[in-house]
Amino acid sequence: MSKQTSRAGDRIFSTTALMAGVLILVVLFSVAVFLLIQALPAFFADPSEITGGEGFWSYIWPIIVGTVIAAAIALILATPVALGVALFISHYAPRRLSQGLGYVIDLLAAIPSVIYGVWGITFLAVQLEPMYEWLAEYAGWIPIFAGPASATGKTMLTAGIVLAVMILPIITSISREIFLQTPKLHEEAALALGATRWEMIRMTVIPFGRPGVISAVMLGLGRALGETMAVALVLSTGPLILSLIQTGNSTIAAEIALNYPEAYGLRLAELIAAGLLLFIITLAVNMVARWVITRNKDFSGANA
Amino acid sequence: MSKRIDVQDLNVFYGDFKAVEDVTIRVEARSVTAFIGPSGCGKSTFLRTLNRMHEVIPGARVEGQVLLDGDDLYGAGVDPVTVRSQIGMVFQRPNPFPTMSIRDNVLAGVKLNNKRISRAESDALVERSLRGANLWKEVKDRLDKPGSGLSGGQQQRLCIARAIAVEPEVILMDEPCSALDPISTLAVEDLIDELKDNYTVVIVTHNMQQAARVSEKTAFFNIAGTGDPGRLIEYSDTTEIFNNPREKSTEDYVSGRFG
């Protein structure tokens, strides 16, 4: 046998791994190319032919802003709760309770988004409506709470809250896994110095879990950005407005979902161009997340 | 600084399993006391009861008394957090906080419980602690680099610096050299010899030469068989244990006939 002969198993495995890797790139690339080709007409069409009649960019930017606002509301509401629940499960709850809670959280992630949407319009929007009235009356001087409040409760804030509930499980369950992986050695080092449980968590669990938590939040953000059904159902879409408690605003995903069935020709190209921009936004978000994670590599704990 | 430890009739449990039975021992202040014995005899478990780190494990508990200069560590209303800040610990594997710089590692214990400390004070404390751990010369130019970039022996001395920075009464060491090469081991042993001028040092070791080199007194722990609790077999001056043990099993162990 010559030295170069490698075993069949090794060869099969490395080929499979290579093909799987290439496949992902091919799929991603073809999606990008498809979106680009289909979207091109929208970029070069005469401004007056585009919906709104003022060109593609003035059509698209309000819904981009809407998308970002909805996702931001969702993240701002969901992240602290998710981290709190994850820490409670991993470090505070008695073992039996933490297992049960873990299952419940995972179950939440399995509920289809239509259900969240229906829950959003039939229950949450109705419940929130009086609160919006109150906000409009007493906090109306803050531009985002400017009145008159929507009578149905189907507003940007409701959509953001529904999205927050939807991304809560994924952030929670990933963060919980990460927190549980904190080396016992480091936790004990902190405790042995006389740290309380919270100080121990601050010194070891959180710094150790930081990159993982950022990934979890980014996954949640990805879901919030791309979520169609819940937003399409909950939000009564309209032009971009600053107030979160009035009817109005829209997101890319909702725009596509609501208009795609009747679209053809240039309108179709517009919607696909909107999809392309969503694709780019998500990509950018992920790249920023990766950059944040690698920026502090020396202190990340990966080299412990 | 530096206090005496009196342990009276201590039983240590993991759930229903009794890991250590009926230990009564007096550890003198400003001395080095070594715990030796075969693997699984409960010496590390027993060590961890001395700063209430044992109870960190779910289901773990103790019965009996541990007195630090007469104050019961397990008395009602005693906060384990306070106990641990008085009794420092160095672990088997070096465990500096990987997300902190060398400087922050040294100050980690000092900054707990929201204590504020001025820049000048903390600089002085970092230098004093690192000098105390014989590490100052090696790291003084890279205090802001991560502690995990140091060699194993340096990391272990950083952990000792972190432990002495809070000025504890007692320092517990759980096989501090078992992951280190001979040269780093020597550095840590030299350090232990200096520490005993100011601290009560208790060290668990598998290395009998190490016990003979560093300690004044030695305790030998043993188990009758798997599943039985560990017991303190013999405790006296280190020279006695190694040259003239009273118990047959101690003699067998220190002469290398078993364990």
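As the structure is a computational prediction, the values presented were derived from the model and not from experiment. Letters A, B, ... mirror the listed sequences (proteins, then strands); counts begin at 1.
Looking only at distances, no side-chain donor or acceptor of B:N95 sits under 3.5 Å from a matching main-chain atom of A:H186.
One distance of note links SG of B:C159 with CG of A:L185; it measures 8.5 Å at 0.5 Å rounding. With rounding to the nearest 0.5 angstrom, the CG atom of A:L191 is 12.5 Å from the CZ atom of B:R52.
In terms of heavy atoms, A:E188 sits closest to B:R48 at OE2-NH2, 2.8 Å. Taking all atoms of both residues into account, the shortest heavy-atom contact from A:T204 to B:F97 is CG2-CE2, 3.4 Å. The two residues B:A108 and A:L193 make their nearest non-hydrogen contact at CB-CD1, 4.1 Å.
With a 4.5 Å cut-off on non-hydrogen atoms, B:V56 touches chain A through its side chain but not through its backbone. At a 4.5 Å heavy-atom cutoff, B:L172 makes no contact with chain A through either its backbone or its side chain. If you measure heavy-atom distances from B:P94 to chain A, the contacts under 4.5 Å come from the backbone alone. Proximity to chain B (any heavy atom under 4.5 Å) is restricted, for A:R95, to the side chain, taken from C-beta onward.
Heavy-atom contacts from other residues, nucleotides or ligands closer than 6.0 Å to CZ of B:F17 number more than 12. For A:M131, the CE atom counts as densely surrounded, since its 6.0 Å shell holds more than 12 non-hydrogen atoms of other residues, nucleotides or ligands.
Note on B:Q155, B:M89, B:R162: by heavy-atom pairs under 4.5 Å with chain A, the leading option is B:R162.
The shortest side-chain heavy-atom distance between A:M203 and B:L112 falls under the 4.5 Å cut-off.
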